[in-house]
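Heads up, the thing below is written out as structure tokens.
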Amino acid sequence: MLDSIDRRIVRELQADGRITNQALAEKVGLSPSPCLRRLRRLEQDGVIRGYTALIDQDSYGLPINVFASVKLVSQTEEALAEFDGAIRRWDEVVDCFLMTGTRDYLLRVAVPSLEAYERFLRTRLTRLGCVGSIESSFALGIVKQAAVLPDIVD
């Protein structure tokens, strides 16, 4: 279970993953050694899964976000495994959620152009035998994209 100091450590790292241990310790009110011990424990426990850079999609050349709602032909274990395995191999799919409701999956696909998304549909997604239907929505813009999880109110 995370305590308030662990949560402050996580929050500071989400805001600046390159912060030094000394600066992190100061921000959360610890000395460097206990701060580093807590940080290592958070990493070992899997709370902190890794570190990454936040990249501007447009500048990187992937300005198009498509949300694809996918319904499978059936929700058998084999169909789910086939779909999950394929999605994990495709770099264009940056987020994939197993859903409740009328659709089985919601994907966020990042591509450089509409033509690239059409190619993704034709050569990959529609070729999966487990896919029954696909409904695509194109994002016009990003209103909010948080890199920091919300605080938990105890």
Side-chain angles (χ1 to χ4, degrees), residues 1-70 80-101 103-128 131 134-154:
M1 192 71 165
L2 302 181
D3 64 17
S4 63
I5 294 172
D6 290 336
R7 290 187 190 288
R8 288 200 313 261
I9 289 171
V10 168
R11 189 144 185 93
E12 292 298 331
L13 285 170
Q14 287 179 106
D16 180 4
R18 295 181 62 165
I19 191 171
T20 65
N21 184 59
Q22 179 70 39
L24 179 61
E26 289 173 14
K27 286 188 176 244
V28 301
L30 291 174
S31 60
S33 292
C35 183
L36 187 58
R37 278 195 300 275
R38 281 178 176 261
L39 176 59
R40 296 293 178 241
R41 183 180 43 77
L42 290 166
E43 291 170 344
Q44 289 169 354
D45 291 350
V47 175
I48 297 172
R49 298 185 324 204
Y51 300 87
T52 188
L54 298 176
I55 307 300
D56 181 86
Q57 257 185 261
D58 288 345
S59 298
Y60 191 72
L62 296 170
I64 309 291
N65 279 303
V66 185
F67 292 88
S69 295
V70 177
L80 294 169
E82 177 188 2
F83 189 82
D84 292 358
I87 292 302
R88 286 188 177 95
R89 293 189 305 271
W90 297 337
D91 291 339
E92 300 94 337
V93 179
V94 293
D95 293 308
C96 177
F97 299 93
L98 180 62
M99 305 295 288
T100 62
R103 296 297 177 150
D104 297 309
Y105 290 91
L106 179 63
L107 316 178
R108 181 169 68 93
V109 181
V111 289
S113 65
L114 296 177
E115 294 81 12
Y117 182 67
E118 180 185 5
R119 195 168 38 257
F120 170 77
L121 280 179
R122 289 178 183 261
T123 64
R124 295 189 176 196
L125 200 52
T126 59
R127 291 197 179 174
L128 288 177
V131 171
I134 304 161
E135 188 176 300
S136 301
S137 299
F138 295 84
L140 299 177
I142 297 172
V143 175
K144 179 181 179 181
Q145 191 172 34
V148 177
L149 294 173
D151 281 333
I152 294 178
V153 180
D154 294 320

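Just so it is clear, the values below take in all heavy atoms, side chains as well, and ignore hydrogens, waters and symmetry mates.
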Report summary line: On a heavy-atom basis, the closest approach of Asn21 and Leu36 is OD1-N, 3.6 Å

Query - Point-to-point distance, once rounded to the nearest 0.5 Å, from CG of Leu30 to CZ of Arg38 - result: 6.0 Å

**Report entry** Chi angles and distances behind the side-chain contact (heavy atoms from CB on, under 4.5 Å) call for Leu107, Ile87
**Finding:** CA-CA 9 Å; Leu107 316 178; Ile87 292 302; 4.0 Å; yes

Requested in this report: Under the salt bridge (charged side-chain N to carboxylate O under 4.0 Å, His left out) rule, what do Asp151 and Arg11 come out as? Steps first, then yes or no, please.
Outcome: CA-CA 8 Å; Asp151 281 333; Arg11 189 144 185 93; 3.6 Å; yes

Query - Nearest-0.5 Å distance, SG of residue Cys96 to CG of residue Asp84 - result: 6.5 Å

Query raised in the report: Is the shortest heavy-atom distance from the side chain of Val10 to the side chain of Leu149 under 4.5 Å?
Result: no

Report summary line: Correct closest heavy-atom pair for Pro112 and Gly61 would be CB-O, 3.3 Å

Report task. Output all residues satisfying side-chain contact (heavy atoms from CB on, under 4.5 Å) with Glu92, sequence neighbours left out; order by chain, then residue number. Result -> Trp90, Val109, Val111, Phe120, Arg124

Query raised in the report: Do other residues, nucleotides or ligands put more than 12 heavy atoms under 6.0 Å from Asp3 CG?
Result: yes

**Report entry** Where at least one partner belongs to residues 52-64, residue pairs that pass side-chain hydrogen bond (donor to acceptor under 3.5 Å, both in side chains), sequence neighbours excluded
**Finding:** Asp56-Ser59, Gln57-Asn65, Gln57-Arg108

Requested in this report: Quick one: list whatever passes side-chain hydrogen bond (donor to acceptor under 3.5 Å, both in side chains) with Ser136, sequence neighbours left out.
Outcome: Tyr117

Query - Heavy-atom closest contact (Ala110 atom, Leu62 atom, distance) - result: O-CD2, 4.0 Å

Requested in this report: Check whether any side-chain heavy atom of Leu128 sits under 4.5 Å from a side-chain heavy atom of Val70, and report yes or no.
Outcome: no

Query - Heavy-atom pair with the smallest gap, counting every atom of Leu80 and Leu98 - result: CD2-CD1, 4.4 Å

Query raised in the report: Looking at side-chain heavy atoms only, is the closest gap between Tyr105 and Ile134 below 4.5 Å?
Result: no

**Report entry** Heavy-atom pair of closest approach, residues Val28 and Arg8
**Finding:** O-NH2, 2.7 Å

**Report entry** For Arg122, salt bridge (charged side-chain N to carboxylate O under 4.0 Å, His left out) partners two or more places apart
**Finding:** Glu118

Report task. Enter the distance from Leu13:CG to Glu43:CD here, rounded to the nearest 0.5 Å. Result -> 8.0 Å

Query raised in the report: Looking at side-chain heavy atoms only, is the closest gap between Leu24 and Ile9 below 4.5 Å?
Result: yes

Requested in this report: Could I get the full list of side-chain contact (heavy atoms from CB on, under 4.5 Å) partners for Leu54, not counting sequence neighbours?
Outcome: Ala147

Report task. Could you pull out all residues at least two apart from Arg103 that satisfy side-chain hydrogen bond (donor to acceptor under 3.5 Å, both in side chains)? Result -> Ser133, Glu135

Report summary line: Heavy atoms of Gln14 and Val148 approach each other most closely as OE1-CA, 3.4 Å

Query - Euclidean distance, Ile19 CD1 relative to Glu12 CD, rounded to 0.5 Å - result: 5.5 Å

